[in-house]
Amino acid sequence: MKVIGIVDTTFARYDMASAAMDELEKTGTGFIFQRYTVPGIKDIPVAAKILFEDYNCDIVMAFGMPGPMPVDKISAQIASTGIMEVQLQEKKHIIEVFVHEDEAMDDNELSWLCDRRAREHALNVYYLLFDKEKLTENAGMGLRQGFPDKGPAGS
Ligand code: RDL
Ligand code: RDL
Ligand code: RDL
């Protein structure tokens, strides 16, 4: 039984974690979730570390929403750097599912983007855990999460 850690925030304006867990449950079995909600993205790295070390997680999904202001973009950079550090310390993946609030033009598009990106990264997590060759089949294919795939160049 694999343990999938789920870290999310109360700052985000969409419940991406529930969308991802729904997608994983529709995709397969053989895992349980440990969910840990923190106030904001800068609280994610230590939450992920706690999930790995105290809750035996095999992989963590980290959901966050950086706001549109410069201070938020700096927060996102800091959070990502912390997420990288925890991955290297633990030798385990943290799939960072961030949706910047200003990627979308309005609330409708924002909620759609959050849902799509969360579900598409949930499949990446499933494959990383259970079927690593699956991502190699899509190497170089210009895949994106949320907005449409770009596709390969020169085709
Ligand atoms: O540790 C408490 C807070 O500092 C922490 O939760 C921060 O991540 C909160 N936060 C900011 O302070 C900020 O300036 C967040 C953002 N911007 C942001 O854009 N998105 C967040 N948190 O999730
Ligand atoms: O952990 C899951 C993702 O966060 C991770 O795969 C990122 O590297 C994906 N990504 C971005 O989130 C982004 O904003 C990528 C780019 N930009 C990019 O320019 N090139 C990438 N990934 O390969
Ligand atoms: O359209 C320009 C950018 O918004 C886009 O190229 C990506 O950088 C968007 N993006 C993020 O900003 C991010 O934090 C993506 C991811 N995460 C991601 O995980 N997957 C994406 N884009 O396809």
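Atoms within a ligand are numbered from 1 in the order they appear, just like the ligands themselves.
Inter-residue side-chain proximity for Met65 and Thr9 is flagged as unmet; no heavy-atom pair is nearer than 4.5 Å. In this structure, Tyr14 and Phe63 have side chains that are not in contact, with every pair of non-hydrogen atoms separated by 4.5 Å or more. By the 4.5 Å heavy-atom criterion applied to side chains, Arg35 and Met21 are counted as neighbours.
Near His100, the atoms of ligand 3 lying under 4.0 angstrom from a non-hydrogen atom of the residue are 12 (O), 14 (O). Counting the atoms of ligand 3 from 1 in the order shown, those under 4.0 Å from a heavy atom of Phe98 are 13 (C), 14 (O), 17 (N). Each of the atoms 18 (C), 19 (O) of ligand 1 lies under 4.0 Å from some heavy atom of Gly67. Close contacts of ligand 1 with Asp72, meaning ligand atoms under 4.0 Å from a residue heavy atom, involve 13 (C), 14 (O), 16 (C), 17 (N), 18 (C), 19 (O). Close approach of ligand 2 to Ile95 (heavy-atom distance below 4.0 Å) involves ligand atoms 1 (O), 2 (C). Numbered from 1 in the order shown, with element, the atoms of ligand 3 that lie under 4.0 Å from a heavy atom of Arg144 read 23 (O).
Remark: among candidates Glu120, His121, Arg117, the nearest residue to atom 11 (C) of ligand 3 is Arg117, based on non-hydrogen atoms. Remark: among candidates Ile74, Ile41, Ile78, Val46, the nearest residue to atom 22 (N) of ligand 1 is Ile41, based on non-hydrogen atoms.
Looking only at heavy atoms of the protein, atom 2 (C) of ligand 2 is closest to Glu96 O, 3.4 Å. Scanning the protein for heavy atoms near atom 12 (O) of ligand 1, the closest one is Lys42 CE, 4.1 Å. Ranking the protein heavy atoms by distance from atom 21 (C) of ligand 3 puts Gln145 OE1, 3.4 Å first. When only non-hydrogen protein atoms are considered, atom 3 (C) of ligand 3 lies nearest to Glu103 OE1, 4.8 Å.
Linking ILVMFWY side-chain heavy atoms closer than 4.5 Å, directly or via other members, places Tyr36 and Phe98 in a single hydrophobic cluster. Follow the hydrophobic side-chain contacts under 4.5 Å out from Ile94 and you never reach Met84; the two are in separate clusters. Ile32 and Tyr55 end up in different hydrophobic clusters when Ile, Leu, Val, Met, Phe, Trp and Tyr side chains are linked at under 4.5 Å. Tracing side-chain contacts under 4.5 Å through hydrophobic residues (I, L, V, M, F, W, Y), one never reaches Ile83 starting from Leu129; they form parts of separate clusters. Both Ile44 and Phe52 sit in one connected hydrophobic cluster of ILVMFWY residues. Membership requires side-chain heavy atoms under 4.5 Å apart, directly or through other members.
Within the 4.0 Å cut-off (strictly below), no protein heavy atom is located near atom 8 (O) of ligand 3. Of the protein's heavy atoms, none falls inside 4.0 Å of atom 17 (N) of ligand 2. For atom 5 (C) of ligand 3, the nearest protein heavy atom is 4.0 Å or more away.
Checking side-chain atoms of Thr10 against main-chain N and O of Pro39 turns up a donor-acceptor pair under 3.5 Å. Side-chain atoms of Asn138 do not come within 3.5 Å of backbone N or O of Leu135 as any donor-acceptor pair.
Heavy atoms of Glu101 found under 4.0 angstrom from ligand 1: none, in either backbone or side chain.
By the 3.5 Å distance cut-off applied to N or O atoms, Asp43 is counted among the residues near ligand 1. On a distance-only criterion, Met65 and ligand 1 share at least one N/O pair closer than 3.5 Å.
Using bins of under 30°, 30° to 60° and over 60° for the plane-to-plane angle, the ring pair Trp112/Phe147 lands in the tilted bin.
Distance CD/Glu85 to CG/Leu88: 8.0 Å, rounded to 0.5 Å.
Residue contacts with ligand 1 do not include Gly64, since none of its heavy atoms lies under 4.0 Å from the ligand.
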